[in-house]
Chemist: 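The structure is given below, and queries will be raised subsequently.
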Amino acid sequence: MKLYCLSGHPTLPCNVLKFKSTTIMLDCGLDTTSVLNFLPLPLVHSPRLSKLPGWVSKDGTVNLEKELKECAGRVFVDSQPEFCLPERELLDLSTIDVILISNYHCMMALPYITEHTGFTGTVYATEPTLQIGRLLMEELVNFMERVPKAQSATCWKNKEIQRMLPGPLKDAVDVWTWKRCYSMQEVNSALSKVQLVGYSQKVELFGAVQISPLSSGYSLGSSNWIIQSHHEKVSYVSGSSLLTTHPQPMDQSSLKNSDVLILTGLTQMPTANPDGMLGEFCSNLAMTIRAGGNVLVPCYSSGVIYDLLECLYQFIESASLGTTPFYFISPVANSSLEFSQIFAEWLCHNKQTKVYLPEPPFPHAELIQTNKLKHYPSIHGDFSSEFRQPCVVFTGHPSLRFGDVVHFMELWGKSSLNTIIFTEPDFSYLDALAPYQPLAMKCVYCPIDTRLNFHQVSKLLKEVQPVHVVCPEQYTQPPLTQSHRSDLMLELQPPPMPYRRCSVLNLPFRRRYERVYILPELANSLVPSEIKPGISVATVSAVLHSKDNKHTLQSTNVFLPCLVLAPKPLLSGAVPLEAFLATLQKHGITEVKVEETADGHILHLQAEDTLIQLEEDGTHIVCDNNEPLRTTLRDLVLRFLQKL
Amino acid sequence: MPEIKVTPLGAGQDVGRSCILVSIGGKNIMLDCGMHMGYNDDRRFPDFSYITQNGRLTDFLDCVIISHFHLDHCGALPYMSEMVGYDGPIYMTHPTKAICPILLEDFRKITVDKKGETNFFTSQMIKDCMKKVIPLNLHQTVQVDDELEIKAYYAGHVLGAAMVHIKVGSESVVYTGDYNMTPDRHLGAAWIDKCRPDILISESTYATTIRDSKRCRERDFLKKVHETIERGGKVLIPVFALGRAQELCILLETFWERMNLKAPIYFSTGLTEKANHYYKLFITWTNQKIRKTFVQRNMFEFKHIKAFDRSYADNPGPMVVFATPGMLHAGQSLQIFKKWAGNEKNMVIMPGYCVQGTIGHKILNGQRKLEMEGRATLDVKLQVEYMSFSAHADAKGIMQLIRMAEPRNMVLVHGEAVKMEFLKGKIEQEFSIDCYMPANGETITVTTNPSVPVDISLNLLKREMALGGPLPDPKKPRTMHGTLIMKENSLKLVSSEQALKELGLNEHQLRFTCRVQLQDPHSDPDTLHRIYTHLKSVLKGYTIQHLPDGTVMVESIVIKVSSSAEDTNTKVLLLSWSYQDEDLGSFLSTLLKKGLPSGLC
């Protein structure tokens with residue numbers, strides 16, 4: 001069993017597991033941090049951005065002023081933003097049989113894998129993962145296509161040139177493989193390959209392996225996966241949470257007894273407490289509004305935003321924000337809010353109970369009904385005429401490189417009354433803000449990451465006791481910036497097997513048994529005999545059928561023409577002298593001379609001129625060519641032995 | 001031989017109070033727990049004394065599964081769990097769990113508050129009963145205990161209706177509940193995979209009907225409603241609050257929109273709004289089209305359909321009223337019916353099946369004078385139309401499901417005996433499987449023949465597969481020999497050598513050495529060579545070696561030659577073999593005894 005690691009990002013994994021005869025891709029994460037190297041895509045012409053100076057190397061030998069711009073000491077690529085894809089050279093992607101998706105954040109690279117690589121397999125995901133994943137992809141495509149950029153910068157990627165660029169561009173890896181965003185057509189084609197599954201549903205793959213998604217508690221429809229055969233079990237844990245937010249709680253007990261547990265998607269903010277962050281979020285928001293400023297919340301259009309809105313729903317009245325308008329701007333804002341209300345099966349118990357009443361499970365329905373929360377597909381159209389300040393705006397993309405958020409950065413960045421509150425943990429806020437410097441607006445960083453922290457995960461692993469743990473190498477050492485915090489890493493016995501991008505791991509796995517089915521007719525014909533108390537054996541000679549990785553044993557009678565004689569069984573036990581002599585006597589063999597030897601006895605049957613050598617672990621019959629006599633003696637000896 | 005038993009306590013050769021007991025692999029499961037609309041006495045609930053005469057329900061049953069929220073499938077649940085007493089798990093889908101308590105409360109109100117019956121379950125009992133419910137998701141495999149697993153499939157019929165696959169070891173039963181094999185305006189079609197259950201228990205409401213196309217029925221329905229409205233008449237459509245009602249609402253809503261009609265459409269009882277809410281929140285259970293467009297336009301937000309007030313019934317002019325319940329046996333639909341029955345301009349459209357004993361059933365059978373409470377009679381002058389909109393599979397649909405699931409046996413329930421008889425014949429003829437139709441209290445027994453799962457050592461399996469050549473032909477069967485070790489609950493199949501090792505046993509070698517006398521006037525080495533040549537020509541396909549140490553080996557059987565001391569022409573052959581080569585050794589000794597043919601060189 002092998003594991004191919006195609007992504008080095010611990011929370012946006014992409015691994016391929018070869019197990020028995022199947023090739024299974026685990027998640028399809030897209031590393032979007034690469035976009036931080038690019039200039040933002042403004043929705044309306046930005047004089048500031050267009051006036052940024054081009055970059056020329058200090059000695060003047062390299063002139064890339066068309067492709068690279070300088071802003072506050074950092075260099076950015078002036079081109080359509082590009083993403084860092086999972087590794088595509090490590091193995092032939094067309095051989096992948098299935099792709100298992102654990103949550104909607106971990107499927108963003110799907111079109112790159114399923115299209116143009118010869119992929120012919122099936123993608124498995126839950127319904128909320130598919131629907132919300134589709135919305136997030138649609139949003140991404142929309143953000144990119146709305147502001148087409150004629151320029152596609154490539155010169156800077158030249159190895160010789162990249163070497164001379166300032167950091168972090170200089171250190172960016174595999175820049176040649178970076179790709180622009182896919183099209184909606186590719187998204188639709190990729191998603192048409194998705195087969196929906198429910199939690200704890202068992203899906204057979206080619207009769208060899210069974211896969212089953214388990215609730216992971218992180219987001220709507222998020223799952224961990226069990227990949228198992230009758231005798232081996234691999235657990236894939238990705239993006240799980242033990243906090244009580246909106247999704248169904250995590251199913252931990254089904255992870256027990258794993259031979260291998262692949263652990264990804266731990267919290268990116270191990271030191272930030274989500275509840276504390278939520279409190280800070282609310283107080284900063286209220287403070288800014290009271291002072292007459294606006295609040296900008298860059299966020300994804302599904303996920304934590306539901307919790308933020310729910311928190312605000314309870315907070316608005318007490319903080320007397322009842323008249324402050326809340327805006328949610330995204331091409332998929334409406335769909336995201338609507339979809340969140342129809343997945344009762346995938347919600348926590350409290351929310352399910354509300355649906356039984358029947359009431360919408362999320363209170364944002366009421367915020368919309370009472371006009372406190374308004375949603376718009378973009379800043380163009382109705383929003384521009386209805387928009388009032390001071391207000392709170394939720395909008396994407398959290399990288400601040402594209403989407404409506406770019407407009408608000410340009411609009412509000414110059415005033416210190418306004419505040420930007422970062423809640424998504426995927427991007428470093430300093431890097432995100434870099435192309436907007438110098439900036440007057442206040443910045444608050446309250447990353448909310450509900451995924452498992454190191455404390456929770458070690459407790460979990462103690463509970464479920466996997467034989468081996470595989471994880472990204474980042475989890476096997478403390479974070480670079482906090483090298484003294486040995487509590488921010490995994491410490492296990494035996495130590496976890498670390499992987500990095502492009503690793504190929506041989507998983508320590510010994511398959512020893514396989515399931516075979518004995519058909520009733522054969523089962524009835526077997527004659528078991530007890531060898532030791534509670535243990536019986538039966539010799540089996542049968543016809544083996546192997547079809548679709550299922551093996552059955554059938555009685556040989558059905559196949560008389562091609563019958564091969566069953567070989568004689570192995571024998572075990574010993575022949576006791578006295579009892580054997582008595583038996584011989586019963587069969588009319590009376591003239592027996594017994595001679596003791598070092599290892600046993602030699603019996604001389606004088607009338608028959610036959611020798612029988614009896615020893616602890618063997619019997620030797622030496623006789624004339626008298627077949628009836630020989631077979632009689634044989635059967636008498638066999639009476640005392642066990643057959644296997 | 002293992003057996004599966006099926007006993008209907010209700011819905012055996014009947015429609016109403018569905019309740020079927022299944023015993024499979026030592027587990028007892030109750031499928032549905034319904035009430036009968038046609039009775040007001042003890043017969044309204046299944047006869048649980050069938051079980052309780054031998055002990056408590058909780059001790060007997062491993063679980064109860066409810067297929068959907070119709071009262072003939074769940075109406076006896078609080079009675080069973082709270083009054084008879086059952087504390088084990090009850091499974092149903094999320095929509096059923098949401099809607100079922102509302103219908104039960106409705107049923108309780110009509111029975112207790114309106115009819116004044118006592119000794120009936122209370123609101124609190126309904127609540128306590130629902131606390132025992134564990135929600136099921138579609139396709140989720142739920143492990144009731146270590147051995148019993150259940151899995152729900154989409155059944156159409158009404159929101160949240162499910163078929164259920166029950167499995168213990170390799171034995172299994174599928175219970176369909178009520179289902180629909182054709183998608184309608186708001187629900188999808190039932191679907192199940194080729195799970196090959198030992199028994200398929202299917203409803204058979206429309207066992208003999210093959211319904212004309214859906215479109216024709218819809219056109220007919222709209223035409224009749226339209227005609228009545230045009231001539232100023234009133235249309236009463238008795239429905240159950242959830243299910244057909246929504247489908248017909250969607251139908252009328254779009255028709256009103258298209259034809260720009262002005263006559264009011266009303267929906268009775270406070271349930272309407274609520275009911276539509278359920279459809280909105282459980283939109284994932286509706287059909288593909290509604291699910292796809294729900295963000296843009298939610299099909300369950302009606303513009304033309306308003307809430308009904310009982311005073312509207314006396315308003316002049318045309319109107320359409322949807323009123324509950326659907327069989328005209330009580331409540332608002334019956335009140336309105338009484339008001340409108342005397343006018344031949346009016347019309348009542350029965351869109352679903354009516355149970356025997358209800359007014360709906362009577363008027364559909366052409367009865368024109370009805371005896372009401374207090375000896376009053378009611379003349380029925382309005383037009384009575386029946387239109388099968390209830391979403392049950394028809395004969396064609398039932399056959400289609402059998403083709404999908406490929407059961408080994410068939411049990412029909414939830415239908416009338418005569419119709420079942422007809423369908424049973426058809427099934428047995430077309431699929432050559434046994435089909436049963438037990439009456440209430442009657443048990444049918446099906447013996448199963450499960451294969452035995454065993455763990456085979458990979459070494460043994462690979463060795464056997466390799467014997468078939470480097471690339472074994474998967475279609476070609478191969479013989480396999482091994483030892484089955486039975487220890488506690490584990491069954492392991494290993495090679496004999498491994499079995500010895502695992503059980504800590506010593507091998508006992510049994511050898512035979514046989515002296516064969518032979519007349520052969522040649523030197524010893526020549527005789528040996530002649531034997532070699534002889535065996536080579538006789539035994540094809542065996543490994544025969546002439547070794548330099550003066551022996552011939554056939555496979556692992558050793559042959560040596562020595563001359564007799566007295567007569568050099570008399571040779572003594574020594575054949576030595578182990579018990580494992582017994583067949584070949586015995587054959588060789590007999591063969592060589594016959595002597596060597598003279599023509600050998």
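Per chain, numbering begins at 1; letters A, B, ... match sequence-line order.
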Chemist: Among A:Q642, A:K532, A:Q613, which residue has the highest count of heavy-atom pairs closer than 4.5 Å to chain B?
Modeler: A:K532
Chemist: If you count heavy-atom pairs under 4.5 Å between each of A:E359, A:Q341, A:R511 and chain B, which one has the most?
Modeler: A:R511
Chemist: When rounded to the nearest 0.5 angstrom, what distance separates CD in A:E338 from CG in A:L135?
Modeler: 11.5 Å
Chemist: Side chain, backbone, both or neither: which part of B:N506 has a heavy atom under 4.5 Å from chain A?
Modeler: backbone
Chemist: Tell me, for B:P135 versus chain A, whether the close heavy atoms (under 4.5 Å) come from the side chain, the backbone, both or neither.
Modeler: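 The side chain, not the backbone.
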Chemist: Please determine, among A:V355, A:N626, A:L519, the option with the most heavy-atom pairs under 4.5 Å with chain B.
Modeler: A:V355
Chemist: Just so I understand: if I count every heavy-atom pair under 4.5 Å between each of A:W346, A:Y356, A:Y199, A:F339 and chain B, which residue has the most?
Modeler: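 Top option by heavy-atom pairs under 4.5 Å: A:Y356.
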Chemist: Which bit of A:L357 comes within less than 4.5 Å of chain B, counting heavy atoms only: side chain, backbone, both or neither?
Modeler: backbone
Chemist: Can a salt bridge be assigned to the pair B:R515 and A:D624 using a cut-off of 4.0 Å between side-chain N and carboxylate O?
Modeler: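 Salt bridge between B:R515 and A:D624, a charged N being under 4.0 Å from a carboxylate O: yes.
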Chemist: Under 6.0 Å from the ring centre and within 45 degrees of the ring axis: does the NZ or CZ of B:K280 meet both conditions for the six-membered ring of B:F294?
Modeler: no
Chemist: Do the charged groups of B:D581 and B:R511 touch, with an N to O distance under 4.0 Å?
Modeler: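 No, this pair does not count.
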Chemist: Relative to chain A, which segment of B:V494 carries a heavy atom at a distance below 4.5 Å: side chain, backbone, both, or neither?
Modeler: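 Only the side chain of B:V494 comes within 4.5 Å of chain A.
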Chemist: Any salt bridge linking B:E582 with A:R630? Criterion: basic side-chain nitrogen under 4.0 Å from a carboxylate oxygen.
Modeler: yes
Chemist: Going by side chain to side chain contact (heavy atoms under 4.5 Å, CB included), name the residues that satisfy it together with B:T141, two or more places apart in sequence or in a different chain.
Modeler: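 For B:T141, the residues satisfying side chain to side chain contact (heavy atoms under 4.5 Å, CB included) (neighbours in sequence not counted) are A:K202, B:E149, B:K151.
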Chemist: Looking only at atom types and distance, does a side-chain atom of B:S495 sit under 3.5 Å from a main-chain N or O of B:Q498, one as donor and one as acceptor?
Modeler: yes
Chemist: Applying ring-ring contact (aromatic ring centres under 6.0 Å, His included), can you list everything that pairs with B:Y154, at least two apart in sequence or on another chain?
Modeler: none
Chemist: Chain A heavy atoms under 4.5 Å from B:S586: which part of the residue, side chain, backbone, both or neither?
Modeler: both
Chemist: Between B:K462 and A:E514, does any NZ, NE, NH1 or NH2 come within less than 4.0 Å of an OD or OE carboxylate oxygen?
Modeler: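 Here A:E514 does not pair with B:K462 in a salt bridge, since their nearest N and O are not under 4.0 Å apart.
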Chemist: Heavy atoms only, distances under 4.5 angstrom: which of A:L633, A:V637, A:T631, A:L553 has the most pairs with chain B? Name it, please.
Modeler: A:L553
Chemist: Which atoms of B:L574 are under 4.5 Å from chain A, going by heavy atoms: the side chain, the backbone, both sets, or neither?
Modeler: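 Nothing of B:L574, per the 4.5 Å heavy-atom cut-off to chain A.
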Chemist: Heavy-atom distances under 4.5 Å only: say whether B:Q517 touches chain A with side chain, backbone, both or neither.
Modeler: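 Neither part.
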Chemist: Heavy-atom distance under 4.5 Å to chain A: side chain of B:E488, backbone, both or neither?
Modeler: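 The answer is the backbone of B:E488.
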Chemist: Looking only at heavy atoms and a cut-off of under 4.5 Å, which of A:L641, A:D617, A:L526, A:V197 has the most pairs with chain B?
Modeler: A:D617
